[in-house]
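Below, chains carry the letters A, B, ... as their sequence lines are ordered, and counting in each starts from 1. For clarity, every value in this text was computed on a predicted model and none was experimentally measured.
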Amino acid sequence: MKKFLAGAAIALTASVFVLAGSPAEVGAKEFLVTGAKPDKLLVIDAKAREVVKTHTIPNAAPGLLTVTPSPDGKTAYAIVNGWESVSGIDLDSGKEVFRADFSKKGVRSKAMFGMDISPDGKELFVFLSPVKLGLGEYEVQDVHIAVYNTADGVGAQPVRTLPAPRRTALLLSSTDGTKLYAVSWDIVEMDPKTGKVTGTHKIRNWGRENYSEPDVLDVWPQFEQSGIFSTPYYAVRTDLSPDDPAAYKTGLVTLDLKTGAFEAEDFEDTSVVIFSSAINPVRRNEVYMVYTQLTKMDRDKHEVVKRIDLDHTYYCLNVSKDGSEIYLAGTMNDIAVYSTDSLERIGTIQVPGGADLALASIRVVDR
Amino acid sequence: MRSNWNRWFRARQQKVSADAAMVGSELMQKWLKTSSIATIAAVVACLAAGPKETAAQTLDGESIVNSACSSCHKRLPDGGVDRISAMRKTPEGWDMTLARMMIVHGAEFTPEERQAMVKYLADTQGLAPEESAPFRYILERRPNVIETIPDEDLGTMCARCHSYSRVALQRRPKAEWLKLVHFHLGQWPTIEYQALGRDRNWWEIASTKIPETLEKAFPLNTVAWNNWQKQEKKNLEGMWQVVGRRPGVGAFAGTLKVDSDGGDHYAAVYDLSFADGKTWSGRGKSIVYTGYEWRGSSQLADDAVNEVLVVSDDGNSMAGRWFLESADEVGGDFHAVRMEKGVSDIIAVEPSHLRAGTSAEISIHGVGLNGPVSLGDGVSVTKMISATPENIRLEVKAASDAADGLRDVQVGKTKGTGALAVYRKLDSVLVEPAYGIARVGGGFTPPVTAQFEAVGYLNGADGTAGTEDDVRVGVMPATWSVEDFNEVAADMKDVAFAGTMQQDGVFVPAMAGPNPQRKYSTNNAGDLKVVAKVADGDGQLEGSGRLIVTVQRWNDPPIR
């Protein structure tokens, strides 16, 4: 804490906020962490509706993609630099404390969305898609997960690589750190030390009778509050007429990162587009989903509880630890705050300078 | 039920475009960053002969390829050059590759050198006329074409970002199709994540099945190309008779004088006029690639115009499309026939339809027209107004009992098959195109308009509309309007926001950008029903088409 305060004091010329409350202040405070174009990492006091830090990430343009906070909430790792680097930023000082550039001479590697950190904060997992740049031709290479020691700091090299399925879009560490999940066509469970596949939760290959293969694409990790990963899917009932609206189903995939419990269930005839979802950490049957509408769904009953139109589309969202607030982010230049109870808008946080949040994740850290 | 489904469909469409934009935005930014607007314009402008073409003409394309490309593409023992020798493309295809070499890989060459290389490569490694024939529409930049793709898999794998023709206008061995696939995924790793990419093992299919399919369909070595290379290429100098159309305005006709400008470069003088007497004349320049690909750019009255034409094997006719340089959706058919002893042809009859029991003045356009005129059963010539070998103007009368249908028009021994239609009452009106696309404008890109025409039809022998034997009578004057295509469009008030339908059949879309007046601040896109009302005798017929008003093109390469 001493070190933190000292660091903050130096950086305080511009903004007089410190992230953690003073030692006298009991109980943790929640901060949202997200990114704005082209190179800003934003730290937001959620309940105060205030951007408390705007850090500039070196060599980050055109924007931030996946953002992964460290479990202690002190650092955030962001995919930057045209998806060719990951930068770890100290949330207090804004200093770049970790950096790995994926591309090497003759091989261009891009992080394709997927990134997570081990629960002890020691290892960072990044899913990479490399291509060999020959003199007069390109050669696609196998995708893989690069594992970094976060302690290796700026200039980190992977300590090992793990094989992974193509088209992986999310990496999820189990709560105890013994499993790493790669969300691709299906969710592949592996040993994070060896990459050995230990199981598969089928999505595309679910083989459900009278159903098409479901379509899933979600690149926003936002499971930290509930410990349950969730993502919407779309499928078509092949036993119904294509003219029948009931033939088009939206459902939810959930994977409990603590217990490993997996479920994929329809909850409505497809009526709106949903990009991503997050589960309430307190009323754990409630899940919120977003795109041009905000939807509240009861995942015990598999039914929509409430749905409202939004002022514009938002790609991603997260939930406060007390389960009372939803934070909508991504796409444009504001974070909209909604009540989980009523789905009423209760606040707006404008991005300083009006830059777009675009594809950046919205994460919550506890300090 | 329906409306719900439509809503879903629309939502789905939105998602597809939204997340395509999402995962594509990064590459688009790269492209836009590296290729200035000027470069993109240059990509399009370069093929028609420009002011620099004299300089380009004196350059030797082969030696430029050997010097400008050799740092990355090695000479092979067989005399070829790595990658470059192993494929054949259209001039536009080669030009796009060269643009990429410059923009993405940093190859250096001047615009003149670029043109000389395109000429050399298209001449020595081009497509034979019959190889490019099925895909002319893409080279001619025709709007609203819906492609037929023989293999559904190929369509979703390879024709969801660009046209199928871009693929089908190349010839390569399997290994080179595979390298192209490597380039695609290497350059755009999000391909695997986009809609229609993520639902399959994209890379596996693209790297195994696709190169095989493509080699079978479009191999490097073909009889057609071998034969074409042996064929003597025709000199196009001389006088030509031209007939063409400007949709929404009507037919034009006149002469084209072609003079040599050295080698395959030509200077052109057009003397054209529309049916209403308005002239459309001027000068142009052209380059002929691969022995038959005429690419011209001309100034006709106030219009800067490009021509994309095919020269026939005998060198006596040219056909294709002209379009405005600044708005290539505005353009039409173009047909020229050489005026030469022994050559005779009826190119068009204007107007091409006549109501039974009425008289009208018509023109027969062609070359070598000579001899008695016959217009078929029930149509008689009441007065010969004027006659030259290229144009015969007549006053004609269709008897009140003349049978409905098409007639051959005959001048001496020259026949125009089905060139004139006689009808009493139209049976149906179709809006053409049945499915049109317009694009909102803004910033550097002007709006892309959509031209519709109302075409009258007879039912034909079977008495039923919409069947094979329907008789196309011709383009009819119409009153135009638009309606919301469905409930979703009505809900979004598309008619109010998407743009304006003019009485000449042209839809002018609104400006781009989020519109705060619209629900969800959405942009001015829309889904509209285009309605044409045609007065026919005492009655009125109605036809309709669909118009999608969509977003701007991010970039507009020579082959879409």
May I ask you to name which of A:Val143, A:Asp311, A:Asp309, A:Thr313 has the most heavy-atom pairs under 4.5 Å with chain B?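 Most heavy-atom pairs within the cutoff with chain B belong to A:Asp309.
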Most heavy-atom pairs under 4.5 angstrom with chain B, which of A:Glu139, A:Arg108, A:Met112?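 Option with the top pair count is A:Met112.
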Can you measure from CG (A:Leu135) to CZ (B:Arg83) and round to the nearest 0.5 angstrom?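 Reported to 0.5 Å precision, the distance equals 11.5 Å.
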What part of A:Leu310 gets within 4.5 angstrom of chain B, counting heavy atoms only: side chain, backbone, both, or neither?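 Only the backbone of A:Leu310 comes within 4.5 Å of chain B.
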Part of A:Val140 within contact of chain B (heavy atom distance under 4.5 Å):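 Both parts, heavy atoms under 4.5 Å.
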What side-chain donor-acceptor pairs closer than 3.5 Å can you find for residues 65-75 of chain B, not counting sequence neighbours?
unit_1, atom_1, unit_2, atom_2, d
B:Asn66, OD1, B:Arg75, NH1, 2.5
B:Asn66, ND2, B:Glu62, O, 3.4
B:Ser67, OG, B:Ser63, O, 3.2
B:Ser67, OG, B:Ile64, O, 3.2
B:Ser70, OG, B:Asn66, O, 3.0
B:Ser70, OG, B:Ser67, O, 3.3
B:His73, ND1, B:Asp82, O, 3.3
B:Arg75, NH2, B:Gly79, O, 2.5

Could you check whether any side-chain N or O of [X] sits under 3.5 Å from a backbone N or O of [Y], counting only pairs where one atom can act as donor and the other as acceptor?
X: B:Tyr193; Y: A:Thr168; result: yes
X: A:Arg167; Y: B:Arg198; result: yes
X: A:Arg166; Y: B:Glu192; result: no

Non-hydrogen atoms of chain A under 4.5 Å away: do they reach the side chain of B:His184, the backbone, both or neither?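 It is neither, since no heavy atom gets under 4.5 Å.
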Specify the closest pair of heavy atoms between [X] and [Y], including all atoms of both residues, with the distance to one decimal.
X: B:Pro189; Y: A:Lys110; result: CG-CD, 4.1 Å
X: A:Glu213; Y: B:Asp199; result: OE1-O, 3.9 Å
X: A:Trp185; Y: B:Arg200; result: CZ2-O, 3.3 Å

Can you list the steps and then say if B:Glu176 with A:Glu137 is a side-chain contact (heavy atoms from CB on, under 4.5 Å)? CA-CA 10 Å; B:Glu176 275 298 337; A:Glu137 66 187 85; over 6 Å; no
State, with a plain yes or no, whether a side-chain heavy atom of B:Asn201 is found less than 4.5 Å away from one of A:Arg204.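 Yes. Closest side-chain heavy atoms under 4.5 Å.
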